[in-house]
Amino acid sequence: VVDQIRLWEIEKNRLRPTASWLYSQFSRQQDFESTLQYASEMGVVLWSDQKKRLICVSSDGHQAVGNYVRKLINRHK
Amino acid sequence: MVKAVKGVVVECDSSVKMIILGLNEKGQFIIEDLDETHVFVDASCVDQLRLDIDEILNENTYKVEESK
């Protein structure tokens, strides 16, 4: 049992890596929020931070989110 | 301009996160330090990172056993 607990402890410490894309440098808060909402609805957000304006999107969602961001930016041009 | 970077988001507990930060001083593979339990790294370093962390964690387990 002790061995099992130790194994479980080591296992618990291990890394959980996920291939993804990190979106950063949103100059407008509204672009960040809109992108985060879009990606959340698609269920592809792995991690995000409001203050730093960072969104981590799974590889599956990257293409759609990338297109969405491009549209947002072009709208402001 | 919004920037998108390809990589791997690694979730781990905060003690492993400290180990990763230490390893990064030698290797520089962290792209962005996200928070206490997440770090965004270069995809090519993940296998080596896992080996390094396993090695460090196993060393610690031995030390505990020896002190008994």
Side-chain angles (χ1 to χ4, degrees), chain A residues 2-3 5-36 38-39 44-77, chain B:
Chain A
V2 175
D3 280 343
I5 291 170
R6 192 171 297 138
L7 280 173
W8 176 78
E9 271 193 301
I10 293 170
E11 199 59 52
K12 169 176 79 101
N13 282 331
R14 292 231 169 100
L15 311 173
R16 288 175 291 280
T18 313
S20 55
W21 287 77
L22 183 67
Y23 286 73
S24 61
Q25 296 175 18
F26 287 88
S27 46
R28 298 160 180 265
Q29 181 65 19
Q30 70 214 57
D31 286 354
F32 170 78
E33 281 170 9
S34 170
T35 304
L36 182 57
Y38 176 78
V44 296
V45 178
L46 297 170
W47 180 91
S48 67
D49 187 297
Q50 286 277 349
K51 276 187 197 154
K52 296 183 193 168
R53 291 189 190 168
L54 295 174
I55 308 172
C56 197
V57 171
S58 71
S59 297
D60 290 345
H62 170 59
Q63 200 172 3
V65 174
N67 288 339
Y68 185 81
V69 169
R70 237 167 271 133
K71 259 188 240 162
L72 274 183
I73 290 168
N74 285 333
R75 206 180 290 167
H76 298 307
K77 271 179 186 166
Chain B
M1 189 68 185
V2 180
K3 194 172 141 193
V5 186
K6 191 179 184 177
V8 170
V9 62
V10 174
E11 191 189 352
C12 57
D13 69 25
S14 53
S15 58
V16 172
K17 172 77 191 296
M18 295 308 290
I19 298 172
I20 295 175
L21 289 180
L23 290 169
N24 186 58
E25 286 178 11
K26 292 177 227 159
Q28 299 283 316
F29 51 85
I30 292 179
I31 297 168
E32 188 82 39
D33 187 354
L34 301 177
D35 63 21
E36 206 182 317
T37 55
H38 292 84
V39 63
F40 193 78
V41 302
D42 193 287
S44 63
C45 78
V46 174
D47 289 340
Q48 186 59 44
L49 184 61
R50 201 193 289 271
L51 290 174
D52 289 346
I53 286 173
D54 279 356
E55 197 179 314
I56 290 166
L57 292 175
N58 289 339
E59 266 173 32
N60 289 340
T61 311
Y62 277 122
K63 276 174 201 155
V64 172
E65 280 169 354
E66 278 164 6
S67 66
K68 270 180 195 167

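Convention: sequence-line order gives letters A, B, ...; per-chain numbering from 1.
Of the listed residues (Val9(B), Val8(B), Ile19(B)), the one with the most heavy-atom contacts under 4.5 Å to chain A is Val9(B).
Nearest heavy atom pair, residue Trp21(A) against residue Phe40(B), reads C-CZ, 4.1 Å. Nearest heavy atom pair, residue Leu22(A) against residue Glu32(B), reads CD2-CB, 3.6 Å. Contact record, Ser27(A) with Met1(B): OG-N, 4.4 Å, taken as the closest heavy-atom pair.
Annotation: the span from Leu46(A) atom CG to His38(B) atom NE2 amounts to 8.5 Å, rounded to 0.5 Å.
Residues Leu15(A) and Leu49(B) are in side-chain contact: their nearest non-hydrogen atoms beyond the backbone lie under 4.5 Å apart. With contacts defined as side-chain heavy-atom distances shorter than 4.5 Å, the pair Asp35(B)/Asp49(A) does not qualify.
More than 12 heavy-atom neighbours from other residues, nucleotides or ligands sit within 6.0 angstrom of NZ on Lys52(A). Around atom CD of Glu33(A), more than 12 heavy atoms belonging to other residues, nucleotides or ligands sit under 6.0 Å away. In the displayed structure, Glu25(B) atom CD is contacted under 6.0 Å by at most 12 heavy atoms of other residues, nucleotides or ligands.
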